[in-house]
Colleague: 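My questions all concern the structure below.
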Amino acid sequence: MEPLGREFFRQDTVKVAKALIGKLLEVDRIRMRIVETEAYKDDQASHARTYTERSRLMFETYGHIYVYLVYGMYHCLNITTDEGPGAVLIRALDGEGCDGPGKLCRKLDITLKDNGQPLGRRFRILDDGQEPEIGTSERIGIRKDTHLRWRFYSKERQHPHR
DNA sequence: TACTGGATTCACT
DNA sequence: GTGAATCCAGTAA
């Protein structure tokens, strides 16, 4: 089972977010299926609204790990995409205690120390050939012109949830 | 240097 | 449904 190459992440952010549903995230030797993602593309309410030291990765890389701290206590795992600013937030994995972006980072010990590294080291994305079952997708955000986020759920994730 | 608020979660009512 | 925890990057001064 070959890990996805970095070039895969060079394409449109929303396409990557959708395609990642059903893929396997490997961290160290632990593999879990991705069941919820969110695309951040040209979102004026996201880190990508300005070019800063923190957001630089979203502008200049694809296929790299982007981790940041929210609310002073939770980390969020993203993979940078596209040739412009963009990233996909990994929101949930099919595993115990991984049903939220902050929770999966806590479970897998993902912190700022992981920020900026390319895929292929500690982190890999694997495709085991299983057809992705996209349950729902929804557009997140209040303002139509500034919030451009799309969230994708696997079929199994969608049902018992929300 | 000081202030502000967030790509969340959990414990309450 | 509401609010607190907690800290750092970004911004303004």
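For the numbers below, each heavy atom of this structure counts, side chains included, while hydrogens, waters and symmetry mates do not. Throughout, protein chains are lettered first and strands after them, A, B, ... in sequence-line order, and every chain is numbered starting at 1.
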Colleague: Do A:L24 and A:V35 share a hydrophobic cluster (ILVMFWY, side-chain heavy atoms under 4.5 Å, transitive)?
Modeller: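 Cluster IDs for A:L24 and A:V35 differ.
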
Colleague: Identify the 5'-most and 3'-most nucleotides of DNA chain C with at least one atom closer than 4.0 Å to a non-hydrogen atom of chain A.
Modeller: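 Answer, 5' to 3': C:dA5 to C:dT11.
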
Colleague: Report, one line per pair, each donor and acceptor closer than 3.5 Å where one atom sits in a side chain of residues 62-70 of chain A; sequence neighbours left out.
Modeller:
unit_1, atom_1, unit_2, atom_2, d
A:Y62, OH, A:E7, OE2, 3.2
A:H64, ND1, A:G116, O, 3.3
A:Y66, OH, A:H47, ND1, 2.7

Colleague: State which residues pass salt bridge (Lys or Arg N to Asp or Glu O under 4.0 Å) with A:E96; sequence neighbours excluded, sorted by chain then number.
Modeller: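 With neighbours one apart ignored, the set is empty.
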
Colleague: Rounded at 0.5 Å granularity, tell me how far CH2 in A:W150 sits from NZ in A:K18.
Modeller: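 Going from the CH2 atom of A:W150 to the NZ atom of A:K18 covers 12.5 Å.
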
Colleague: Let me check something: do A:M73 and A:L89 share a hydrophobic cluster, defined by ILVMFWY side-chain heavy atoms less than 4.5 Å apart, either directly or through other members?
Modeller: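 In one cluster: yes.
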
Colleague: Between the protein and nucleotides 6-10 of chain B, which nitrogen or oxygen pairs are less than 3.5 angstrom apart?
Modeller:
unit_1, atom_1, unit_2, atom_2, d
B:dA7, O4', A:Y40, OH, 2.8
B:dA7, N9, A:Y40, OH, 3.3
B:dA7, N9, A:Y68, OH, 3.0
B:dA7, N1, A:N78, OD1, 2.7
B:dA7, N3, A:Y68, OH, 2.5
B:dT8, OP1, A:R91, NH1, 3.1
B:dT8, O3', A:G102, N, 3.4
B:dT9, OP1, A:P101, N, 3.0
B:dT9, OP1, A:G102, N, 2.8
B:dT9, OP1, A:K103, N, 3.2
B:dT9, O4', A:Y74, OH, 3.4
B:dC10, OP1, A:R106, NH2, 3.1
B:dC10, OP2, A:K103, NZ, 3.4

Colleague: Among A:R122, A:R121, A:H75, which residue meets the side chain to side chain donor-acceptor pair (under 3.5 Å) test with A:D114?
Modeller: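 With A:D114 as partner, side chain to side chain donor-acceptor pair (under 3.5 Å) holds for just one option, A:R122.
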
Colleague: When the C1' atoms of B:dG5 and C:dG3 are compared, how many Å lie between them, rounded to an integer?
Modeller: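 Looking at atom C1' only, C:dG3 and B:dG5 are 15 Å apart.
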
Colleague: For A:A48, is there any backbone N or O sitting under 3.5 Å from a side-chain donor or acceptor partner on A:S46?
Modeller: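 Yes.
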
Colleague: Please check: side-chain N/O of A:D128 versus main-chain N/O of A:Q130, any donor-acceptor pairing under 3.5 Å?
Modeller: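 Yes, A:D128 side chain to A:Q130 backbone: donor-acceptor pair under 3.5 Å.
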
Colleague: Just by distance, do the side chain of A:R149 and the backbone of A:Y40 share a donor-acceptor pair under 3.5 Å?
Modeller: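 Judged by distance alone, no pair lies under 3.5 Å.
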
Colleague: Please table the atom pairs, donor to acceptor, closer than 3.5 Å between any side-chain atom in residues 104-112 of chain A and protein atoms at least two apart or in another chain.
Modeller:
unit_1, atom_1, unit_2, atom_2, d
A:T111, OG1, A:K113, N, 3.3
A:T111, OG1, A:K113, NZ, 3.4

Colleague: Let me have DNA chain B in dot-bracket notation, would you? Count Watson-Crick plus G-U wobble pairs, both distances under 3.5 Å, and use [ ] for pairs crossing earlier ones and | for inter-strand partners.
Modeller: ||||||.|||||.

